[in-house]
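Working notes, structure below.
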Amino acid sequence: MKKLFTTLLLMLGLSAPALAAGDSPVDVISTTSQNALDLLKKENGKNTAQVRKQVEDMVVPLFDFTRMTALAVGKDWRAATPAQQSQLAEQFQTLLVRTYSSTMTRFKSAQIDVKPNAQINNNGREAVVKSEVTLPGNGDKKNVMVDYTLYKGAQGWKIFNVSVEGASLVTIYRNQFGEEIRKNGVDGLIKLLKDKNQPGKPA
């Protein structure tokens, strides 16, 4: 599952500034995914760090990490102080970028077929864009169904959740976060995330 989410996050990490606020959610997904794949194909084993850095630099504007964190934390988000919320969002963003950028160059040959008709919800403010990703490996090709959930704000469409074969990224982390909060509170979750983000710790 981690490898699948890696592919999807990195595909959406490029050319975000080139997207105008009026672009459709389908445009956001299809344009950025293709640009990311084009860049990955230039990775030659010597420029891996450079390619990875470009993805990391561009992924932040396209994702709403604060909204993702709020959904992942769930009901406990409202009980957290503004300072705690800020720390949670910062650490969760660091965790996601660090985790999913570490293996991105393995997916040069991936292909993504973005479906043309988005599912529009919440009076046009939210959208679900469906796609089919082909992941080559071991001589076989595996097709994986992927949904991207976006909302439209002042800066255009932002992604706040990704689901692979029905498994939601936000929900996966919500289960982990909820257990930690029950044991050690919000501060305990912040500490856990900081520990995971320490240099040298496995992503």
Glu132 (side chain) donor-acceptor with Met145 (main chain) under 3.5 angstrom: no
Does Trp77 form a side chain to side chain contact (heavy atoms under 4.5 Å, CB included) with Ile181? I'd like the steps, not just the answer. CA-CA 10 Å; Trp77 177 260; Ile181 290 175; over 6 Å; no
If you measure from CZ on Phe177 to CG on Leu88, what distance do you get to the nearest 0.5 Å? 8.0 Å
Verdict with supporting geometry, Val28 and Leu62, side chain to side chain contact (heavy atoms under 4.5 Å, CB included): CA-CA 9 Å; Val28 171; Leu62 195 59; 3.8 Å; yes
Atom CG in Leu192, atom CD in Gln176: separation rounded to 0.5 Å? 8.5 Å
Partners of Asn161 by side chain to side chain contact (heavy atoms under 4.5 Å, CB included), sequence neighbours excluded? Thr149, Ser163, Ser168, Leu169, Val170
Which residue pairs satisfy the side-chain hydrogen bond (donor to acceptor under 3.5 Å, both in side chains) criterion with at least one member in residues 182-191, sequence neighbours excluded? Gln84-Asp187, Glu179-Lys183, Glu180-Asn184, Lys191-Asp195
After noting the C-alpha distance and the side-chain angles of Asp76 and Arg78, does the key distance pass the salt bridge (Lys or Arg N to Asp or Glu O under 4.0 Å) rule? CA-CA 5 Å; Asp76 295 296; Arg78 293 187 297 273; over 6 Å; no
Under 3.5 Å, side chain of Trp157 to main-chain N/O of Asp23, donor-acceptor pair present? yes
Between the CG atom in Leu71 and the CZ atom in Phe160, the distance rounded to the nearest 0.5 Å is 6.5 Å
Shared hydrophobic cluster, Ile159 / Val144 (ILVMFWY, side-chain heavy atoms < 4.5 Å): yes
Could you tell me which residues satisfy side chain to side chain donor-acceptor pair (under 3.5 Å) with Gln91, sequence neighbours excluded, listed by chain and number? Asn197
Calculate, to the nearest 0.5 Å, the distance between atoms CG and NZ belonging to Leu95 and Lys194 respectively. 14.0 Å
When you measure from the side chain of Thr69 to the backbone N and O of Phe65, does any donor-acceptor pair fall under 3.5 Å? yes
NZ-OG distance between Lys152 and Ser24, expressed to the nearest 0.5 angstrom: 9.0 Å
Gap between atom CD1 of Ile190 and atom CZ of Phe92 - 0.5 Å precision: 13.5 Å
